[in-house]
Amino acid sequence: MKKHYLKFGILYCLCVLIIFLVIITLFTRNKIKDVNNEKISSFCFAFCNNEETKVLFDEEIKDSDMDDEEKETVLDLFVNYTYHQWESQNKYYESDDVGFYSAVYKSSDYSMLSELHNFIEISPDKNYEVVPDDTRYILTGDDFTYEDFNYYAYNIKIENASCDDVYIYDGEISWTDYHGNHISYSIDHPDHIKEAKSLSFDEWLNKADNNHDDYFHARYYCFGNNKSIKALNNAAKTISDSYFESYKTRRCMAYELMEKRGIFTSQAVYINNDKNVNAIVPYVIVFKPMRMVLKDNWKLYVIAFLLLAITEFAIIMSVRTLYLSQKSFEIRSQKLTRGIAHELKTPLAITKACVENWEYIDEKDRHEYSEKINTEVDHMAGMITKLLELSNISGGNVKMNREDIDVMELTKTIYNRMRDLARERKLDVTISGDDEFDEYPIYADLDMMNIVISNFMSNAIKYCDNKIQIKLKNSGKRVEFNIINDGAKIPRTELNKVWDVFYKTDESRSDRISSSGVGLAVVKNILEMHKARYGCDSGEGGTIFWFSMDTNKPNKKKR
């Protein structure tokens with residue numbers, strides 16, 4: 001049986017787990033799909049359909065028969081605009097779960113002109129408007145970690161530096177930080193500067209804006225300010241290099257979009273071959289859809305797993321309860337079988353002995369043996385009747401005929417029937433109630449309550465030594481019946497067993513009050529049918545059986 005319930009519990013737990021995993025999987029898959037769609041759509045909108053750059057260059061490129069110097073100028077301007085584009089799309093670099101990489105290559109020889117890098121954007125004051133062709137860039141290394149450069153850098157100075165159409169290089173940049181510390185860095189020297197177009201920084205600044213000499217705006221952009229972003233940026237760079245190498249051999253079209261949508265890692269690559277400016281620009285994003293979904297919905301996942309744990313625990317406890325109930329039922333069934341066998345064995349043995357020896361019994365003694373046979377048969381019939389009553393009550397096959405009953409009057413009536421038994425044992429029996437009330441009304445089945453009080457009283461008489469007290473209480477809302485006898489104390493471990501079928505506290509007692517061991521089991525079922533409270537307590541003051549039921553009849557106070 002235990003293995004059966006264990007298999008049953010495991011099966012249910014697995015079913016719930018499978019359903020949970022299917023729901024979570026479907027939910028997560030849909031969320032991952034949404035993330036992939038959103039990120040790749042945003043990527044395409046930002047880079048694949050960038051009309052701003054195309055319009056600007058349509059205005060710049062008016063003559064298709066430009067000489068080489070003019071083409072170089074346009075190419076430099078394109079690189080400048082590309083930096084501006086990277087800066088304007090910096091939303092991709094703010095997430096720990098998205099990596100980005102881009103570069104500018106010459107179409108003629110595939111040499112790299114620039115690549116995504118941390119930089120400071122320097123622009124002259126134009127009423128706070130940033131115009132790309134008036135902007136220059138200072139490239140910074142990984143040791144330059146001031147992400148809040150824009151907000152906490154004061155008195156920014158650039159000294160001994162030069163610039164071409166794209167970069168500011170060499171020399172030194174310095175500023176005062178929020179705490180008043182003076183900080184300075186050497187400016188890098190990029191690989192792809194145009195020495196022929198070089199000016200000193202001061203000359204460029206004066207040329208860019210004659211109305212505001214020596215005044216400029218400086219803003220710092222960091223692409224990869226922690227290990228997670230740097231790792232994804234490096235992954236994007238690897239993908240870009242691989243696709244660009246493949247693209248060089250194919251040269252298939254002016255632009256090309258490739259994407260891979262995954263669960264743990266997704267990527268999108270857009271390669272723009274702008275033949276007007278002799279430049280190829282790959283754009284690559286790499287992101288972690290699963291990680292993004294988990295981060296955005298972690299509260300929901302925690303709640304879901306808690307519900308799973310609670311459900312699984314509830315199933316385990318339910319199966320355990322069913323197992324214990326079944327085990328308890330089987331134990332009770334075994335006890336019932338043994339009890340019936342034990343109760344029937346003795347009277348049947350006596351009856352059989354009498355019948356077998358009937359012809360050897362003297363005529364004068366046969367009346368005594370007949371009485372003995374009748375007594376044993378009556379005992380068996382009574383026990384069977386009790387068992388049938390218990391079966392009917394337990395199965396709910398007995399219809400209750402409720403009526404108003406006064407518990408005090410019923411108690412006195414039952415005691416009058418048993419008075420002789422109490423006197424025979426020389427027992428002192430008292431029946432008392434509250435001083436405040438003279439009625440103890442309940443709404444119950446009279447025959448059933450007769451069985452309850454009769455069983456309590458006969459048990460008290462059977463097991464009492466000297467004194468029985470019957471006390472009734474009326475609280476106005478409930479009537480309580482208590483019967484106390486001073487017999488032997490029932491062990492605490494046995495108190496719950498007194499309501500079991502065939503349980504007897506003292507097997508040695510045998511007299512005119514027969515005991516089948518079924519009575520209290522019947523009482524228990526009757527009281528439960530009436531939704532009454534009941535119990536048994538035993539201590540130094542004696543053993544008490546009690547029940548308590550609601551009253552629905554107005555109480556009459558004594559005058």
If you draw a 6.0 Å radius around NZ in Lys157, do more than 12 non-hydrogen atoms from other residues or ligands fall strictly inside?
-> no
Close side-chain approach of Tyr283 and Val269, heavy atoms under 4.5 Å | no
Under 4.5 Å between any side-chain heavy atoms of Glu121 and Ile138, yes or no?
-> no
Could you walk me through whether Glu312 and Tyr12 pass side-chain hydrogen bond (donor to acceptor under 3.5 Å, both in side chains), step by step?
-> CA-CA 9 Å; Glu312 296 284 23; Tyr12 265 79; over 6 Å; no
Would you please test Glu245 and Tyr110 for side-chain hydrogen bond (donor to acceptor under 3.5 Å, both in side chains) and show each step?
-> CA-CA 10 Å; Glu245 288 298 320; Tyr110 302 118; over 6 Å; no
Apply salt bridge (Lys or Arg N to Asp or Glu O under 4.0 Å) to the pair Lys295 and Asp97, showing each step before the final yes or no.
-> CA-CA 10 Å; Lys295 287 173 68 175; Asp97 305 306; 3.2 Å; yes
Short side-chain donor-acceptor distance under 3.5 Å, Asn36 and Ser266 | yes
Where is the tightest heavy-atom contact between Tyr169 and Asp164, given as atom of each residue plus distance?
-> CE2-N, 3.9 Å
Within the distance-only criterion (no hydrogens, no angle test), does the side chain of Ser246 pair as donor or acceptor with the backbone N or O of Ser242 below 3.5 angstrom?
-> no
Just by distance, do the side chain of Arg402 and the backbone of Tyr443 share a donor-acceptor pair under 3.5 Å?
-> yes
Residues Val104 and Thr82: closest non-hydrogen pair is CG2-CG2, 3.6 Å
Should we say atom CG of Leu14 is surrounded by more than 12 heavy atoms from elsewhere, each under 6.0 Å from it?
-> yes
Verify, without hydrogens or angle tests, whether Thr140 (side chain) and Asn118 (backbone) share a donor-acceptor contact under 3.5 angstrom.
-> yes
Would the number of heavy atoms belonging to other residues, nucleotides or ligands and lying under 6.0 Å from CZ of Arg478 be above 12?
-> yes
Counting only N and O atoms by type, is there a donor-acceptor contact under 3.5 Å from the side chain of His192 to the main-chain atoms of Met112?
-> yes
Can you see which heavy atom on Ile315 is nearest to which on Gly9, and at what distance?
-> CG2-O, 4.4 Å
Using the side chain to side chain contact (heavy atoms under 4.5 Å, CB included) rule, take Phe43 and Ile285 through it: C-alpha gap first, then chi angles, then the decisive distance, then the call.
-> CA-CA 8 Å; Phe43 172 79; Ile285 59 165; 3.5 Å; yes
Taken to the nearest 0.5 Å, the spacing of Met258 CE from Ile239 CD1 works out to 11.0 Å
Going through the distances and angles, do Ile158 and Ile187 end up as a side chain to side chain contact (heavy atoms under 4.5 Å, CB included)?
-> CA-CA 9 Å; Ile158 298 176; Ile187 301 175; 4.0 Å; yes
Interatomic distance, Thr176 atom OG1 to His182 atom NE2 [nearest 0.5 angstrom] = 6.5 Å
Donor-acceptor contact below 3.5 Å, side chain Arg136 vs main chain Asp165 | yes
For the atom pair CG (Asp170) and OG (Ser198), what is the distance rounded to the nearest 0.5 Å?
-> 9.0 Å
Neighbour count above 12 (heavy atom, 6.0 Å) for Tyr243 OH = yes
Looking at CG of Asn233 and OH of Tyr101, how far apart are the two atoms once the value is rounded to the nearest 0.5 Å?
-> 10.5 Å
Check: Ile156 and Ile173 side chains under 4.5 Å, non-hydrogen atoms | yes
Candidate pair Lys288 and Ser228, rule side chain to side chain contact (heavy atoms under 4.5 Å, CB included), full reasoning | CA-CA 11 Å; Lys288 302 288 186 180; Ser228 177; over 6 Å; no
Note, Leu232 side chain near Phe287 side chain (heavy atom, < 4.5 Å) | no
Atom OG in Ser107, atom CG in Asn273: separation rounded to 0.5 Å?
-> 4.5 Å
Hey, mind stepping through Tyr185 and Ser174 against side chain to side chain contact (heavy atoms under 4.5 Å, CB included) and telling me if it holds?
-> CA-CA 6 Å; Tyr185 274 89; Ser174 62; over 6 Å; no
Side chain to side chain contact (heavy atoms under 4.5 Å, CB included) with Ser200: which residues, sequence neighbours excluded?
-> Asp202, Glu203
Close side-chain approach of Leu322 and Leu324, heavy atoms under 4.5 Å = no
Contact summary for Ser240 and Val284, nearest pair of heavy atoms | CB-CG2, 3.5 Å
Give me the one residue out of Tyr137, Phe201, Tyr83 that meets ring pair (Phe, Tyr, Trp, His ring centres under 6.0 Å) with Tyr167.
-> Tyr83
Can you check whether Cys13 reaches Ile316 side chain to side chain, under 4.5 Å on heavy atoms?
-> yes
List for me each residue that meets side chain to side chain contact (heavy atoms under 4.5 Å, CB included) alongside Thr238, sequence neighbours excluded, and say none if there are none.
-> none
Let me know which of Lys39, Lys31, Glu38 forms a side-chain contact (heavy atoms from CB on, under 4.5 Å) with Met292.
-> Lys39
Check against salt bridge (Lys or Arg N to Asp or Glu O under 4.0 Å), Lys197 and Asp76 = CA-CA 11 Å; Lys197 297 182 179 182; Asp76 291 339; 3.1 Å; yes
Does Glu172 offer a backbone N or O that forms a donor-acceptor pair with the side chain of Asn160 under 3.5 Å?
-> no
Donor-acceptor under 3.5 Å (His530 side chain, Ile526 main chain) = yes
So do Trp204 and Pro124 actually touch side chain to side chain, heavy atoms under 4.5 Å?
-> yes
How would you list, by chain and number, every residue that makes a side chain to side chain contact (heavy atoms under 4.5 Å, CB included) with Ile24, sequence neighbours excluded?
-> Phe20, Thr28, Tyr301, Ala304
Ion pair Lys106/Glu72, N-O distance below 4.0 Å | yes
Under the ring-ring contact (aromatic ring centres under 6.0 Å, His included) criterion, do Tyr105 and Phe244 qualify, and how do the steps go?
-> CA-CA 10 Å; Tyr105 298 90; Phe244 186 67; 3.9 Å; yes
Residue pair Asp188 / Leu139: nearest heavy atoms and the distance that separates them = OD2-O, 3.3 Å
Ring centres of Trp86 and Phe100 under 6.0 Å apart?
-> no
Taking every heavy atom of Pro282 against every heavy atom of Ile280, the minimum-distance pair comes out as CD-O, 3.8 Å
Quick check, are the ring centers of Phe119 and Phe223 under 6.0 angstrom apart?
-> yes
Are the charged groups of Glu259 and Arg261 less than 4.0 angstrom apart, N to O?
-> yes
Rounded distance (nearest 0.5 Å) linking atom CG of Leu75 with atom CG of Asn278 = 6.5 Å
Check whether more than 12 heavy atoms from other residues, nucleotides or ligands sit under 6.0 Å from atom CG of Asp241, and answer yes or no.
-> yes
Is there side-chain contact between Phe27 and Asn297, with at least one heavy-atom pair below 4.5 Å?
-> yes
